[in-house]
Amino acid sequence: MGKITTPGAIRGTQDIFGQDQERFGHVVDTFDRVRRLYNFRRVEMPVFEATAVFARSLGETTDVVSKEMYSFEDRSGDSLTLRPEFTAGLARAYLTNGWQQYAPLKIATHGPLFRYERPQKGRYRQFHQIDAEMIGSGDPQADVELLVMADHVLRELGITEGVTLQLNTLGDAASRDAWRAALIEHFQAHKDQLSKDSQDRLERNPLRILDSKEAQDRPVADSAPDIDAFLTDEARAFFDSVTGGLDAAGVAWTRNARLVRGLDYYRHTAFEFVTDRLGAQGTVLAGGRYDGLIESLGGPSTPAVGWAAGIERLAMLCDDAALGGGLDVIIALEDDRALAEATAAQASLRNSGISCDMIATGSPRKRYDKAAKSNAKVLISFQHDGELAKANIRSAPESDLHAKVADVLNVSATK
RNA sequence: GCGACCGUAGCUCAGUUGGUUAGAGCGCCGGUUUGUGGUACCGGAGGUCGGGGGUUCGAGACCCCUCGGUCGCCCCA
């Protein structure tokens, strides 16, 4: 009977408990509440899909596919992938379930996602996001509504300090192609001044040079042309409508002409809410318009826009004060002869919707102190004089809860 | 995939140029004090110092390998 060594947790997974879980739950609850205010309907989605769903959405040649997806073969040899994002799966569902009939479709979801990468601050292999999408609307008001909702969620969570909404446009297909060509020309001309990484990017993903962290790249990246000169009239009008809508709704934003998306199904609006409080992983909520995606999945040309935000990162940032909750009542059983009465009181409280727990083990004379340390709002101690059990209700400030607890216990006593 | 830093009790961490039997606080268990009390004291359990190899009379400490963690790079859908 050899004792096995306890298997460890998988790298990059988390067991979320205690304070961390309370923060996590608060983020999800807040999102669900705000999302209803905007009439976004909740959808439940599978955690894995055919690999093709994501391979199309992510571009087949990038690192993303080759090294960063959790892909595996099932027993019939089909290639499956644990979802690395929500958007592609939602787009697939939109097509395969005939959800076109609901367009423009406002949907929201949240849950675990998987990326095969080395964990670092706020980035895990299994991580969690909240997500909101509007599929089937090419109206700039859709972008505005999504952004206003995103801002609302962050405000409700108390995440506003040091957070800015950075906004850019990638234009329509014609604008984007013209800009991209101009950028490549610019970077080619200064190739020798770029870092080695960025010289590689020039082949693979030239737009990404714009937001390179390498100091050496900044002069060339900063002097690169903005998209503005290449915008078609339609694309410019679209962007103006988005910024005008944000101004009207009172959502502050700043233009970041260096903010880009590598994949070419992205059109028009790209945005990120960025904090200065999370080190290298400062993006807290990100999204944009992906008018080309659904077509690339074999569907009809369908405009769509959406965003997602990492729950772990939001949880790290949200206000302690906003958490609230906690246990209503803790019972300290200071004499075992009062166990029956204490158990009855506990049942009555719970049946009345008051949360309650009891300390009834260990040294009786230490149970009061233990109960006091639990930080419940109300403490009830049970003692016994040899004839009768006796309950004492205590709480720091006299409160409605205190009165309610006393009421429930009296009712239970007369029964 | 690459780089830097870190692994000592359940948790947070001390541990001197390498030198007796590896420590503290918190938590846990027991005892005493207080008795409407969130206090204080005493005691106990709990460690192959992440693992393996090496150097040395002697390694928690130094060297190599390995595993794990953290942060960063790449990538970021």
Side-chain angles (χ1 to χ4, degrees), chain A residues 5-14 17-19 49 53-70 81-91 113-125 127 129 131 133 195-198 200-201 204-205 207-208 211-215 259-266 270 272 274 278-283 286-288 290 292-293 296-297 306-310 313 330 332 334-335 359 361-376 379-383 385 390-396:
Chain A
T5 52
T6 307
I10 300 301
R11 182 198 295 274
T13 63
Q14 322 170 70
F17 176 71
Q19 255 256 317
E49 297 271 357
V53 169
F54 304 114
R56 292 295 166 78
S57 77
L58 302 179
E60 276 148 291
T61 60
T62 61
D63 270 4
V64 168
V65 176
S66 55
K67 77 172 192 194
E68 298 191 8
M69 293 206 305
Y70 261 103
T81 295
L82 299 179
R83 62 185 182 197
E85 59 163 3
F86 280 114
T87 307
L90 291 168
L113 303 165
F114 304 84
R115 297 180 186 178
Y116 197 96
E117 60 188 350
R118 277 194 91 92
Q120 51 185 293
K121 191 177 186 67
R123 292 181 80 174
Y124 304 93
R125 285 188 174 178
F127 59 105
Q129 286 186 342
D131 182 281
E133 313 278 347
S195 66
K196 177 150 189 338
D197 280 341
S198 285
D200 290 344
R201 288 189 181 108
R204 289 196 329 268
N205 198 353
L207 298 205
R208 277 279 157 204
D211 55 7
S212 168
K213 289 175 199 161
E214 195 73 50
L259 179 62
V260 292
R261 295 281 119 97
L263 298 160
D264 63 7
Y265 57 76
Y266 284 104
E272 295 186 2
V274 180
L278 280 183
Q281 308 300 332
T283 299
Y290 49 95
L293 173 63
S296 79
L297 283 169
W307 57 254
R313 286 192 202 172
I330 187 74
E334 297 195 271
D335 189 321
I359 308 273
T361 59
S363 171
R365 65 196 331 163
K366 291 188 177 171
R367 292 179 193 169
Y368 185 94
D369 285 359
K370 233 193 258 186
K373 283 181 190 167
S374 74
N375 284 322
L379 191 162
I380 304 175
S381 81
F382 271 85
Q383 294 175 315
D385 61 11
K390 207 174 130 220
N392 277 292
I393 305 173
R394 295 178 58 82
S395 63

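First the proteins, then the strands, lettered A, B, ... as listed; each starts at 1.
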Does B:U32 have its OP1 or OP2 closer than 4.0 Å to a side-chain nitrogen or oxygen of A:Arg365? yes
Identify, between A:Val260 and A:Pro119, the residue whose nearest nucleotide on RNA chain B lies closer to the 5' end. A:Pro119
For A:Arg208, answer base if it contacts any base atom (sugar-phosphate contacts may also be present), sugar-phosphate if it contacts only those atoms, and nothing otherwise; contact means non-hydrogen atoms under 4.0 Å. sugar-phosphate
Test side chain to side chain donor-acceptor pair (under 3.5 Å) on A:Tyr290 and A:Glu133 and set out the steps. CA-CA 10 Å; A:Tyr290 49 95; A:Glu133 313 278 347; 2.5 Å; yes
Expressed as a whole number of angstroms, how long is the span from A:Tyr265:OH to B:C76:C1'? 11 Å
Between A:Asp197 and A:Arg201, is there a side-chain N and carboxylate O pair less than 4.0 Å apart? no
Per the atom types in the model, does the base of B:A77 pair as donor or acceptor with the side chain of A:Arg115 at under 3.5 Å? yes
Is A:Thr87 touching bases, backbone alone, or none of the nucleic acid, heavy atoms closer than 4.0 Å? nothing
By the 4.0 Å heavy-atom rule, please label A:Arg83 as base, sugar-phosphate, or nothing. nothing
Using side-chain heavy atoms (C-beta onward) and a distance below 4.5 Å, is A:Phe382 in contact with A:Arg367? no
Ignoring hydrogens and angles, tell me if any N or O in the side chain of A:Arg394 forms a donor-acceptor pair with the backbone of A:Leu379 under 3.5 Å. no
Is any side-chain N or O of A:Asn392 closer than 4.0 Å to OP1 or OP2 of B:G37? no
Please state whether the base of B:G38 and the side chain of A:Tyr368 form at least one donor-acceptor pair under 3.5 Å? no
Report the distance from atom CG of A:Asp385 to atom P of B:U36, rounded to the nearest whole Å. 15 Å
Do the side chains of A:Arg11 and A:Arg118 get nearer than 4.5 Å, heavy atoms only? yes
Expressed in whole Å, how much space separates the C1' atoms belonging to B:G7 and B:C13? 13 Å
Rounded interatomic separation in angstrom, taking CG from A:Asp211 and P from B:A77: 9 Å
Between A:Arg261 (side chain only) and A:Gly287 (backbone N and O only), is there a donor and an acceptor less than 3.5 Å apart? yes
Roughly, in whole Å, what's the span from CD in A:Glu85 to P in B:C75? 18 Å
Give me the distance, rounded to whole Å, that separates B:C11 from B:G27 when you measure between the C1' atoms they each carry. 7 Å
Counting any heavy atom closer than 4.0 Å, what does A:Glu334 reach on the DNA or RNA strands: base, sugar-phosphate only, or nothing? base
Residues A:Asp131 and A:Ala308: closest non-hydrogen pair is OD2-CB, 3.6 Å
Just to be sure I understand the rule, does A:Glu272 reach a base, reach only the sugar-phosphate, or reach nothing, if contact means heavy atoms closer than 4.0 Å? nothing
Nearest-nucleotide check on RNA chain B, A:Ile10 vs A:Lys370; residue mapping nearer the 5' end is A:Lys370
Using the C1' atom as the reference point in each nucleotide, state the distance between B:U33 and B:A40 in Å, no decimals. 7 Å
Residues A:Gly12 and A:Tyr124: closest non-hydrogen pair is O-CB, 3.2 Å
Does A:Ser363 have a side-chain nitrogen or oxygen under 4.0 Å from the phosphate oxygens OP1 or OP2 of B:G31? yes
When rounded to whole Å, the CG to P distance for the pair A:Asp369 and B:G35 reads 14 Å
Does any N or O donor sit under 3.5 Å from an N or O acceptor when you compare the side chain of A:Arg123 with the base of B:C75? yes
A:Gln120 has an atom CD; how far is it from atom P of B:G69, in whole Å? 14 Å
Between A:Arg394 and B:G38, is there a contact of a side-chain N or O with OP1 or OP2 at under 4.0 Å? no
For A:Tyr266, report the nucleic acid contact type (base, sugar-phosphate, nothing); a contact means any heavy atom under 4.0 Å. sugar-phosphate
Look at the side chain of A:Arg83 and the backbone N and O of A:Phe114, then say whether any donor-acceptor pair between them is shorter than 3.5 Å. no
Would you mind classifying the nucleic acid contact of A:Lys390 as base, sugar-phosphate or nothing, using non-hydrogen atoms under 4.0 angstrom? base
Look at all strands and tell whether A:Arg118 reaches a base, only sugar-phosphate, or nothing, counting heavy atoms closer than 4.0 Å. base
Consecutive-pair stems (3 or more, Watson-Crick or G-U, under 3.5 Å) for RNA chain B: B:1-7 with B:67-73, B:10-13 with B:23-26, B:28-32 with B:40-44, B:50-54 with B:62-66
Using whole Å, what does the distance between atom C1' of nucleotide B:G72 and atom NZ of A:Lys121 come to? 12 Å
Testing the basics here: between A:Gly89 and A:Phe54, what is the closest heavy-atom pair and its distance to 0.1 Å? N-CE2, 4.2 Å
For A:Gly362, answer base if it contacts any base atom (sugar-phosphate contacts may also be present), sugar-phosphate if it contacts only those atoms, and nothing otherwise; contact means non-hydrogen atoms under 4.0 Å. sugar-phosphate
Sticking with atom C1', work out how far B:C41 lies from B:A22, rounded to a whole angstrom. 26 Å
When only distance counts, do a donor and an acceptor, one from the side chain of A:Lys366 and one from the base of B:G30, lie under 3.5 Å apart? yes
Quote, to the nearest angstrom, the P distance that separates B:U17 from B:U12. 26 Å
Span that lies between the C1' atom of B:G72 and that of B:A9, in whole angstrom: 32 Å
Expressed as a whole number of angstroms, how long is the span from A:Glu117:CD to B:G1:C1'? 13 Å
Say you pick atom P in B:G15 and the same atom in B:U20; how far apart are they, in whole Å? 16 Å
Rounded distance in Å between the P positions of B:A59 and B:G53: 13 Å
